[in-house]
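Have a look at the structure below before the remarks.
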There are 2 protein chains.
Amino acid sequence: MNTLSYGLLSLLAKKSRSGYELMQHIQPFWQAKHSQIYPLLAQLEGLGHVDFVHVLQSDKPDKKVYTITEQGLDALRHWITLPTDDPVTRDELSLKVYSIGLVNQEQARKVLEEREVYYLKKKERFAHLLENLKQGSAKPLDELDIHDPEFGMYVLIHKASMKVDADLVWCEWMKGKLT
Amino acid sequence: MNTLSYGLLSLLAKKSRSGYELMQHIQPFWQAKHSQIYPLLAQLEGLGHVDFVHVLQSDKPDKKVYTITEQGLDALRHWITLPTDDPVTRDELSLKVYSIGLVNQEQARKVLEEREVYYLKKKERFAHLLENLKQGSAKPLDELDIHDPEFGMYVLIHKASMKVDADLVWCEWMKGKLT
DNA sequence: TACTTCATGTAAAAAGTTACATGATTCC
DNA sequence: GGAATCATGTAACTTTTTACATGAAGTA
């Protein structure tokens with residue numbers, strides 16, 4: 001049971017999903033490829049933390065829809081109370097800007113603008129996620145509380161949005177430093 | 001040549017250092033243990049990107065002080081112009097807050113406060129780094145430009161500080177949501 | 001015709017963490 | 001007396017990424 005396994009249980013605690021869907025929905029908050037997720041789901045099933053049913057589809061490939069068990073929910077609740085690992089960020093850009101004086105200004109600017117495009121796309125994706133959440137929610141988002149099912153996603157999007165905004169401000173500030 | 005290898009070259013481009021020192025100085029921007037760094041330094045030496053000299057010490061263990069070569073500098077300059085990998089962040093807290101409704105308010109608050117302590121310590125460490133940099137710099141930090149040797153570290157600390165501030169704001173906001 | 005999406009899986013390689021190993025000095 | 005710092009290294013393990021494998025439907 002590693003962190004990603006608990007992450008998958010977290011998603012399944014809200015809604016039953018296929019491995020493919022889990023991969024798509026966990027991406028914004030924990031980068032993981034399908035090749036990592038499928039074996040973990042098999043393992044979670046072996047442990048009794050999830051069940052699955054085969055769902056046959058005619059237009060699309062068949063799928064396995066996983067559901068969390070009572071035992072899985074217990075494991076999840078316990079994991080939350082355990083000390084939380086420190087976050088890990090690895091950003092190649094940090095290592096590059098440290099040596100940015102080695103290249104000329106045009107090249108330095110290019111490096112930053114490439115990253116700015118990335119952050120803008122990311123910001124847009126979070127805006128879409130928030131929009132979807134708003135549509136599906138009975139209450140206005142800022143009135144959600146800990147017991148509402150949308151609460152978790154709402155606070156996560158807020159967290160990610162604040163950080164991407166900080167990143168964009170830094171990019172602009174940095175570009176100013178180059179002129 | 002992976003990203004960490006270029007990160008080590010980046011540090012060595014400013015100043016010759018031992019493996020132990022490299023480990024300490026790269027930590028705030030790229031998490032890596034000594035067991036990963038020592039083999040990479042041997043590899044960089046084999047490639048001709050770095051040289052080293054044995055430095056004998058009487059009070060402390062002897063060390064190997066690495067210096068970047070012209071070839072290493074060329075490799076570094078080229079790497080900067082290459083497309084930059086997307087940043088990777090893995091934060092167990094994100095996965096936990098998604099399911100925070102599963103535990104009671106005291107437990108939820110504990111999870112957040114634990115993380116807040118972590119961010120405050122981190123903020124302090126960056127404040128120290130900035131203080132050290134200020135001491136060793138001829139110019140005021142906000143007047144540094146791309147050609148000053150302190151520039152890279154200055155902009156990195158600024159980047160990290162902005163993000164940790166965003167994280168702290170989120171923590172407070174989040175704690176408000178729990179009451 | 002070629003690419004993307006949906007859907008699941010395995011194999012191999014790379015990257016990263018933890019543990020083992022040694023040993024002097026300094027600080028509490 | 002015990003822990004932390006300095007200093008380098010290897011071995012084993014876990015985690016993550018990339019590549020291999022298949023195949024139908026829809027889109028450009």
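Just so we're on the same page: letters track the sequence lines, and every chain starts at 1.
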Is any side-chain N or O of [X] closer than 4.0 Å to OP1 or OP2 of [N]?
| X | N | result |
| --- | --- | --- |
| A:Gln57 | C:dA7 | yes |
| B:Arg90 | D:dT17 | yes |
| B:Lys64 | D:dG9 | yes |
| B:Gln24 | D:dC6 | yes |
| B:Tyr20 | D:dT8 | no |
| B:Tyr38 | D:dG9 | no |

Any base atoms under 4.0 Å from A:Glu21, or only sugar-phosphate, or nothing? Heavy atoms, all strands. nothing

Base, sugar-phosphate or nothing for A:Lys33? Non-hydrogen atoms, less than 4.0 Å. base

Closest approach of B:Ile68 to B:Gly72 (non-hydrogen atoms, all atoms of both residues): CD1-C, 3.7 Å

Minimum heavy-atom separation for A:Asp91 and A:Tyr119, please, with both atom names. OD2-OH, 4.0 Å

As an exercise, state the distance from CH2 of B:Trp79 to OG1 of B:Thr84, rounded to the nearest 0.5 Å. 8.0 Å

Taking atom types as they are modelled, would you say the side chain of A:Ser35 forms a donor-acceptor pair with the base of D:dT18 within the 3.5 Å cutoff? yes

Tell me whether A:Lys15 at atom NZ has more than 12 heavy atoms from other residues, nucleotides or ligands lying less than 6.0 Å away. no

Taking for B:Val65 and for A:His34 the nucleotide of DNA chain D with the nearest heavy atom, the one nearer the 5' end belongs to B:Val65

